[in-house]
Engineer: 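Got a structure here, written out as C-alpha cells. Questions coming.
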Amino acid sequence: MSQRVTVVENILNANDQIAEQNMAQLEASGVTAVNLMASPGAGKTSLILSTVDRLVRRLRLGVVEGDTAPVTIDSERVLAKGIPAVQINTGGGCHLDAVMLQSALTQLDLDQLDLLIVENVGNLVCPANFRLGAQRNVLIASVPEGDDKPYKYPGMYRGVDALVINKIDLLPYTPFDMDYFCRGVEMLNPGLATFPLSCRTGEGLDDWIDWLVEQVRARRRV
Ligand SMILES: Nc1nc2c(ncn2[C@@H]2O[C@H](COP(=O)(O)OP(=O)(O)OP(=O)(O)O)[C@@H](O)[C@H]2O)c(=O)[nH]1
Ligand SMILES: [Mg+2]
C-alpha cells in the first residue's frame, strides 16, 4: 500500500517539475496562460469563443484544446475565428498534465502571444491534481449542474484563482440557489474572484474580460 502511495507521489512530483518548466517558458515569452477547468458541457469552449470575440483586437491569443477522444470539434471552432489552436488528445485520460502542455507549447509561437487559454478535459476531479504550469487556474461552474457542486467537489474549488458561473440565463428555469452555492465557495476559497455570466446572452462577460486583461497586464503592457 505504502509503495503505491510513493509511486503516486512521485508521478505528481514529476508533473510539478514539468509544470514549473512550462511556467518558466511562458514567463520568458511574456505569455499569460489560463487553465480552464469544468465538468463536460459547462461552457468551456463557449467561454473561449466569447472571450476571443471580445479580445481578438486587443491581445494576441492562442488556445490549447484538451479532449479525451481524437476529435477536433472544439479546436476547429477556435481555428474558424483565426486564432492559433493546438489540439491535445489524452487517449481516454481524464485530465491534461504538464507533459501534454509542454508538447503543445512547442507547436505555438509563444513570442507572438499575450494570452494562452487552455481548455482542460471536462472533469470536476482529476484536473485539480495536475498542475500544468499555467499562471492562472479558472473553474467554470454552470447553473444546470446544480448549486451543490462546491460541497461535492471541494478539491476543484479550493485550488482556483477565479470562478465563472456560466448559463445564468437559465436561473429562472432551475432551482439553483445562488446564495447556497456562494456560501459553499466562500467556505473553500474565501474572497475568490467570481464571475456570474452567460455566454449565450453576453450578460456579465465584461467583468470576466476585465479580470483576464488585468492578469495579462501584469506581464505585458496592453
Ligand atoms: N443556455 C446557455 N447555454 C450555454 C451557455 N454557454 C454554453 N451553453 C451551451 O452548453 C453546451 C455546452 O457548451 P460547450 O461550450 O461546448 O461546453 P464545454 O464545457 O466546452 O463542453 P466539453 O468540451 O464537451 O466538455 C452547448 O450546447 C452550448 O451552446 C450559456 O451561457 N447559456
Ligand atoms: Mg469544449
Side-chain angles (χ1 to χ4, degrees), residues 33-56 61-97 100-101 104 115-130 132 134 136-147 149-150 152-153 155-157 160 162-178 181-182 194-212:
V34 175
N35 174 24
L36 283 187
M37 297 173 285
S39 58
K44 297 176 292 299
T45 310
S46 301
L47 186 67
I48 289 171
L49 297 175
S50 299
T51 301
V52 166
D53 286 343
R54 280 167 176 74
L55 283 181
V56 70
L61 305 168
V63 171
V64 173
E65 284 289 348
D67 267 302
T68 61
V71 289
T72 53
I73 298 168
D74 288 352
S75 49
E76 279 168 25
R77 292 163 79 191
V78 175
L79 284 168
K81 295 209 174 268
I83 301 298
V86 176
Q87 177 81 35
I88 302 176
N89 295 314
T90 64
C94 56
H95 59 270
L96 296 182
D97 64 29
M100 294 175 193
L101 182 63
L115 175 63
L116 179 66
I117 306 178
V118 181
E119 175 170 348
N120 213 312
V121 173
N123 185 318
L124 274 188
V125 180
C126 308
N129 297 324
F130 288 83
L132 303 182
R136 294 289 178 268
N137 292 295
V138 174
L139 174 62
I140 307 174
S142 69
V143 166
E145 290 167 47
D147 51 21
K149 293 303 166 288
K152 294 176 78 173
Y153 300 92
M156 205 70 213
Y157 283 79
V160 292
L163 170 67
V164 168
I165 307 172
N166 189 28
K167 309 193 189 183
I168 58 169
D169 54 293
L170 298 179
L171 280 171
Y173 312 105
T174 62
F176 190 95
D177 181 339
M178 189 62 86
F181 178 87
C182 288
T194 300
F195 304 99
L197 57 81
S198 166
C199 292
R200 177 139 305 165
T201 67
E203 186 184 355
L205 269 167
D206 287 349
D207 289 342
W208 157 250
I209 296 294
D210 288 348
W211 181 84
L212 260 186

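These values consider heavy atoms only, across backbone and side chains, with no hydrogens, waters or symmetry-generated copies. As the structure lists them, so they are numbered: ligands from 1, and atoms in each ligand from 1.
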Engineer: Within a reach of under 6.0 Å around CD1 of Ile73, are more than 12 heavy atoms found that belong to other residues, nucleotides or ligands?
Structural biologist: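 At most 12 heavy atoms, drawn from other residues, nucleotides or ligands, come within 6.0 Å of this atom.
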Engineer: Examine the proximity of ligand 1 to Val121 and report which part, side chain or backbone, both or neither, has a heavy atom under 4.0 Å away.
Structural biologist: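 Neither; no heavy atom under 4.0 Å.
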Engineer: Can you confirm, on distance only, whether ligand 1 has an N/O atom lying under 3.5 Å from any N/O atom belonging to Arg200?
Structural biologist: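 Checking ligand 1 against Arg200, an N or O pair does fall under 3.5 Å apart.
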Engineer: Side chains of Leu47 and Leu197: does their closest heavy-atom pair fall under 4.5 Å?
Structural biologist: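 Yes. Closest side-chain heavy atoms under 4.5 Å.
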Engineer: Judged on heavy-atom distance to atom 17 (O) of ligand 1, which of Gly66, Pro144, Gly43 sits nearest?
Structural biologist: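 Result: the heavy atom closest to atom 17 (O) of ligand 1 is in Gly43.
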Engineer: Could an N or O of ligand 1 be found under 3.5 Å from any N or O of Gly122, whether backbone or side chain?
Structural biologist: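 Min N/O separation from ligand 1 is not below 3.5 Å for Gly122.
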Engineer: Around atom 31 (O) of ligand 1, find the nearest protein heavy atom and jot down its residue, atom name and distance.
Structural biologist: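 Heavy-atom neighbour on the protein nearest atom 31 (O) of ligand 1: Cys199 N, 2.9 Å.
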Engineer: If the cut-off is 4.0 Å to any non-hydrogen atom of Arg77, which atoms of ligand 1 fall inside it?
Structural biologist: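 Here the atoms of ligand 1 in question are 16 (O).
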Engineer: If you measure from each non-hydrogen atom of Asn166 to ligand 1, which part falls under 4.0 Å: side chain, backbone, both or neither?
Structural biologist: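 Looking at Asn166 and ligand 1, just side chain atoms fall under 4.0 Å.
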Engineer: Is there a polar contact, in the sense of an N or O pair closer than 3.5 Å, between Pro40 and ligand 1?
Structural biologist: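 It does not: no N or O of Pro40 is found under 3.5 Å from an N or O of ligand 1.
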Engineer: If you count the atoms of ligand 1 from 1 in the order shown, which ones are under 4.0 Å from a heavy atom of Lys44?
Structural biologist: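 Listed by number with element, the hits are 15 (O), 17 (O), 18 (P), 19 (O), 20 (O), 21 (O), 22 (P), 25 (O).
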Engineer: How far is atom 15 (O) of ligand 1 from the closest protein heavy atom, and which atom is that?
Structural biologist: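 Answer, as residue, atom name and distance: Ser46 OG, 2.6 Å.
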Engineer: Against heavy atoms of Ser198, which atoms of ligand 1 measure under 4.0 Å?
Structural biologist: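 Within the 4.0 Å cut-off of Ser198, ligand 1 contributes 31 (O).
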Engineer: Excluding sequence neighbours, so at least two apart, what forms side-chain hydrogen bond (donor to acceptor under 3.5 Å, both in side chains) with Asp67?
Structural biologist: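 Once residues adjacent in sequence are excluded, the partners of Asp67 under the side-chain hydrogen bond (donor to acceptor under 3.5 Å, both in side chains) criterion are Gln87.
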Engineer: Report, in ascending order of atom number, the atoms of ligand 1 lying under 4.0 Å from any heavy atom of Leu170.
Structural biologist: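 The list of qualifying atoms is 1 (N).
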Engineer: Tell me, which protein residue and heavy-atom name are nearest atom 21 (O) of ligand 1, and how many Å apart are they?
Structural biologist: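 Looking at atom 21 (O) of ligand 1, the protein heavy atom closest to it is Gly41 N, 3.0 Å.
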Engineer: Would you mind reporting whether Arg54 and Asp206 have side-chain heavy atoms less than 4.5 Å apart?
Structural biologist: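 A side-chain contact exists here, since the closest heavy-atom pair is under 4.5 Å.
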Engineer: Could you check if a side-chain atom of Glu119 sits within less than 4.5 angstrom of a side-chain atom of Ser75, using non-hydrogen atoms only?
Structural biologist: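 In short, these two side chains do not touch, never coming nearer than 4.5 Å.
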Engineer: Indicate the atoms forming the closest heavy-atom contact of Ala42 with Asn166, along with that distance.
Structural biologist: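 It is O-ND2, 3.0 Å.
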Engineer: Counting heavy atoms only, which part of Thr45 comes closer than 4.0 Å to ligand 1: side chain, backbone, both or neither?
Structural biologist: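 Under 4.0 Å from ligand 1, Thr45 contributes backbone and side-chain atoms.
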Engineer: Would you indicate whether the side-chain heavy atoms of Trp208 and Val138 approach each other to under 4.5 Å?
Structural biologist: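 Touching, per the 4.5 Å side-chain cut-off.
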Engineer: With a heavy-atom distance limit of 4.0 Å, tell me whether Ile168 approaches ligand 1 through its side chain, its backbone, both, or neither.
Structural biologist: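 Near ligand 1, Ile168 shows nothing, with every heavy atom at 4.0 Å or more.
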Engineer: For Thr45 and Asp74, test the side chains for any donor-to-acceptor distance below 3.5 angstrom and give the result as yes or no.
Structural biologist: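 Result is yes, a qualifying pair exists.
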Engineer: Classify the ring geometry between Phe176 and Phe181 as parallel (under 30°), tilted (30 to 60°) or perpendicular (over 60°).
Structural biologist: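 Ring orientation, 0 to 90° scale: tilted.
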Engineer: Return the residue, atom name and 0.1 Å-rounded distance of the protein heavy atom closest to atom 23 (O) of ligand 1.
Structural biologist: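 Looking only at protein heavy atoms, the one closest to atom 23 (O) of ligand 1 is Glu119 OE2, 2.9 Å.
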Engineer: Go through the structure and list residues passing side-chain hydrogen bond (donor to acceptor under 3.5 Å, both in side chains) with Asp53, not counting sequence neighbours.
Structural biologist: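 Checked Asp53 against side-chain hydrogen bond (donor to acceptor under 3.5 Å, both in side chains); matches are Lys81.
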Engineer: Tell me, which protein residue and heavy-atom name are nearest atom 10 (O) of ligand 1, and how many Å apart are they?
Structural biologist: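 That would be Lys167 NZ, 3.0 Å.
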Engineer: So, for atom 27 (O) of ligand 1, does the protein have a heavy atom nearer than 4.0 Å?
Structural biologist: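 Not a single protein heavy atom is under 4.0 Å away.
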Engineer: Tell me the protein N, O or S atoms under 2.8 Å from the Mg ion (ligand 2), in chain and number order.
Structural biologist: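 Thr45 OG1, Asp74 OD2, Glu119 OE2, with waters left out.
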Engineer: Is there a donor-acceptor pair under 3.5 Å between the side chain of Asn123 and the backbone N or O of His95?
Structural biologist: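 Absent.
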Engineer: Checking Ser39 now: which residues fulfil side-chain hydrogen bond (donor to acceptor under 3.5 Å, both in side chains) with it, not counting sequence neighbours?
Structural biologist: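 Applying side-chain hydrogen bond (donor to acceptor under 3.5 Å, both in side chains) to Ser39 gives Glu145.
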Engineer: Considering all protein heavy atoms, does one lie under 4.0 Å from atom 5 (C) of ligand 1?
Structural biologist: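 Answer yes: something from the protein, a heavy atom, is under 4.0 Å.
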Engineer: Quick test: of every protein heavy atom, which one is nearest to atom 2 (C) of ligand 1, and how far off is it to 0.1 Å?
Structural biologist: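 Protein heavy atom with the smallest distance to atom 2 (C) of ligand 1: Asp169 OD2, 3.5 Å.
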Engineer: With heavy-atom distances below 4.0 Å as the criterion, list the atoms of ligand 1 near Asp74.
Structural biologist: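 Those of ligand 1 that fall under 4.0 Å from Asp74 are 23 (O).
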Engineer: Quick one: CG on Asn129 to CG on Asp97, what's the gap to the nearest 0.5 Å?
Structural biologist: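 Spacing of CG (Asn129) from CG (Asp97) equals 12.0 Å.
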Engineer: If the contact criterion is a heavy-atom separation under 4.0 Å, does Ala42 count as touching ligand 1?
Structural biologist: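 Yes, Ala42 has heavy atoms under 4.0 Å from ligand 1.
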Engineer: For the CG atom of Asn120 and the CZ atom of Phe130, what is their distance to the nearest 0.5 Å?
Structural biologist: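 If we round to the nearest 0.5 Å, Asn120:CG and Phe130:CZ are 10.5 Å apart.
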Engineer: What's the separation between atom OG in Ser198 and atom CD1 in Ile165, rounded to the nearest 0.5 Å?
Structural biologist: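 Rounded to the nearest 0.5 Å, the OG-CD1 separation comes out at 12.5 Å.
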Engineer: Does Asp147 use its side chain to pair, donor to acceptor, with the backbone of Asp177 at less than 3.5 Å?
Structural biologist: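 Yes; at least one donor-acceptor contact below 3.5 Å.
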Engineer: Polar contacts were defined as any N/O atom of the residue lying under 3.5 Å from an N/O atom of the ligand; does this apply to Leu197 and ligand 1?
Structural biologist: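 N/O-N/O distance below 3.5 Å does not exist for this pair.
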Engineer: Are Leu49 and Arg77 side-chain neighbours, meaning at least one heavy-atom pair lies under 4.5 Å?
Structural biologist: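 With C-beta onward as the side chain, the pair touches.
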